[in-house]
Amino acid sequence: MGDLAKEFVTTYNYWVYIILMMIGLYAVMVKNNLVKKIIGMNIVQTAIILFFISIGAKRGATIPIIAHGHNGGEHAVHAADYINPLPHVLMLTAIVVAVATLGVALSLAIKIYQEYGTLEEDDIRTQTREE
Amino acid sequence: MNWQIEFIILTMVIILGIGAITVKDLLGAGILFGAYSFMMCLLWAIMGAVDVAFTEASVGAGVSTVFFISAVFRTTRGTKD
């Protein structure tokens, strides 16, 4: 039991990643309001970023900036002392892409509201069926 | 490291994520999503990804919340679910 609890605590990031992914997918598929769907899409994106940052994290390591960097060639740099910065750089672009898709999606929702007068998906579907 | 703070913040992230998609007010949903993004920002500062943390603080918690609030004020605040 102690081993199981320790395993759960050390992999808690990945459990939270799975739960957030499922919350986001549920919101995108089931929710009726368009803004709620967009919030669900953003939750999926942040869940994926959480997964990648969890991959790069190390126990007992510091942030990836080399101390005494001016004459860094004179002493060895141990990679185990620094957190892996490659997933950080990848996820930096993912955040920017997330806010760009958020802007486009919200502007499309505003245009849909101006056209149909509602943000509910079933109302929009009945209106398009009547036309 | 300081896994207690990480544990609390990860639990708050789940609670705020569920709250953001269940509250019956789109302005409240936008504010809760901003709080969710800020909790993510704190989580990344704890996990050592400081560049991701300040980008998330400015872009995720700042600009996204402004986008949601302006979109809610241009459309409607009520929702059915």
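Chain letters run A, B, ... following the sequence lines, proteins first, then strands; residues in each count from 1. Side chains included, hydrogens not; waters and symmetry mates left out as well; all remaining heavy atoms used.
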Check: What part of A/Asn13 lies closer than 4.5 angstrom to a heavy atom of chain B: side chain, backbone, both or neither?
Finding: both
Checklist line | Nearest heavy-atom neighbours spanning B/Gly78 and A/Asn33 | finding: O-ND2, 4.1 Å
Margin query: Tell me if a side-chain donor or acceptor on B/Lys80 pairs with a main-chain N or O of A/Glu120 at a distance below 3.5 Å.
Written below: no
Next item on the list: Say whether B/Leu27 and A/Ile39 are linked into one hydrophobic cluster, either directly or through other cluster members, by side-chain heavy-atom distances under 4.5 angstrom.
Entry: yes
Notebook entry, point to check: Got a second to check how far B/Glu6's CD is from A/Ser54's OG, nearest 0.5 Å?
Noted result: 7.5 Å
Next item on the list: Looking only at non-hydrogen atoms, find the nearest pair between A/Lys36 and B/Ala29 and report the distance.
Entry: CE-CB, 4.1 Å
Item checked: Region of A/Pro64 in contact with chain B, defined by heavy-atom distances below 4.5 Å -> side chain
Margin query: Using the rule that Ile, Leu, Val, Met, Phe, Trp and Tyr join whenever any side-chain heavy atoms are under 4.5 Å apart, tell me whether B/Ile9 and B/Met12 fall into a single cluster.
Written below: yes
Checklist line | Residue A/Leu20 versus chain B: region with a heavy atom under 4.5 Å | finding: side chain
Next item on the list: Sort out for me which of B/Val72, B/Val63, B/Thr55 touches chain A most, counting heavy-atom pairs under 4.5 Å.
Entry: B/Thr55
Check: Do you know which of A/Ile49, A/Val96, A/Thr62 has the most heavy-atom pairs under 4.5 Å to chain B?
Finding: A/Ile49
Check: Do B/Val66 and A/Leu102 share a hydrophobic cluster (ILVMFWY, side-chain heavy atoms under 4.5 Å, transitive)?
Finding: no
Next item on the list: Please report the closest heavy-atom contact between A/Leu119 and B/Thr76, naming both atoms and the distance.
Entry: CD1-CG2, 4.2 Å
Margin query: Within the supplied structure, the quantity of interest is the number of heavy atoms (other residues, nucleotides, ligands) at a distance under 6.0 Å from A/Phe52 CZ; does it exceed 12?
Written below: no
Notebook entry, point to check: Of the non-hydrogen atoms in A/Ile53 and B/Trp44, which two are nearest, and what is the gap between them?
Noted result: CG2-CD1, 3.6 Å
Next item on the list: State whether the number of non-hydrogen atoms from other residues, nucleotides or ligands found under 6.0 Å of A/Tyr82 atom OH is greater than 12.
Entry: yes
Check: Does the side chain of A/Val35 reach to within under 4.5 Å of the side chain of B/Thr79, using non-hydrogen atoms?
Finding: no
Item checked: Which portion of A/Leu50 sits near chain B, non-hydrogen atoms under 4.5 angstrom -> both
Checklist line | Residue pair B/Gly17 / A/Ile43: nearest heavy atoms and the distance that separates them | finding: O-CD1, 3.9 Å
Item checked: CE/A/Met41: more than 12 non-hydrogen atoms of other groups inside 6.0 Å -> yes
Margin query: Using every non-hydrogen atom in the two residues, find where A/Ile83 and B/Gly48 come nearest and quote the distance to one decimal.
Written below: CD1-CA, 3.7 Å
Notebook entry, point to check: Checking A/Asp123 against chain B: side chain, backbone, both or neither under 4.5 Å from a heavy atom?
Noted result: side chain
Next item on the list: Pick whichever of B/Ala49, B/Ala20, B/Ser37 has the most heavy-atom pairs under 4.5 Å with chain A.
Entry: B/Ala49
Note to self: Are B/Ile15 and B/Val23 connected into the same hydrophobic cluster when the rule is that any two of I, L, V, M, F, W, Y join if their side-chain heavy atoms are below 4.5 Å apart?
What the structure shows: no
Notebook entry, point to check: Name the one of B/Thr11, B/Leu10, B/Leu43 that satisfies side-chain contact (heavy atoms from CB on, under 4.5 Å) with A/Val16?
Noted result: B/Leu10
Notebook entry, point to check: Which bit of B/Leu26 comes within less than 4.5 Å of chain A, counting heavy atoms only: side chain, backbone, both or neither?
Noted result: side chain
Notebook entry, point to check: Between B/Phe33 and chain A, which part of the residue has a heavy atom less than 4.5 Å away: side chain, backbone, both or neither?
Noted result: side chain
Margin query: Quick check on A/Tyr14: does its OH atom have over 12 non-hydrogen neighbours (other residues, nucleotides or ligands) under 6.0 Å away?
Written below: yes
Item checked: Within one Ile-Leu-Val-Met-Phe-Trp-Tyr cluster: B/Phe73 and A/Leu106, side-chain cutoff 4.5 Å -> yes
Margin query: For B/Val52, run the side-chain contact (heavy atoms from CB on, under 4.5 Å) check against A/Leu90, A/Ile95, A/Val89 and tell me which one passes.
Written below: A/Ile95
Next item on the list: Could you tell me which of A/Ile19, A/Ile63, A/Thr46 has the largest number of non-hydrogen atom pairs under 4.5 Å with chain B?
Entry: A/Thr46
Item checked: Chi angles and distances behind the side chain to side chain contact (heavy atoms under 4.5 Å, CB included) call for A/Tyr26, B/Ile21 -> CA-CA 9 Å; A/Tyr26 169 79; B/Ile21 66 167; 4.0 Å; yes
Checklist line | Rounded distance [0.5 Å steps], CD1 in A/Ile38 versus CZ in B/Phe68 | finding: 6.5 Å
Checklist line | B/Ile14 CD1 to A/Trp15 CH2 distance, which is reported to the nearest 0.5 Å | finding: 12.0 Å
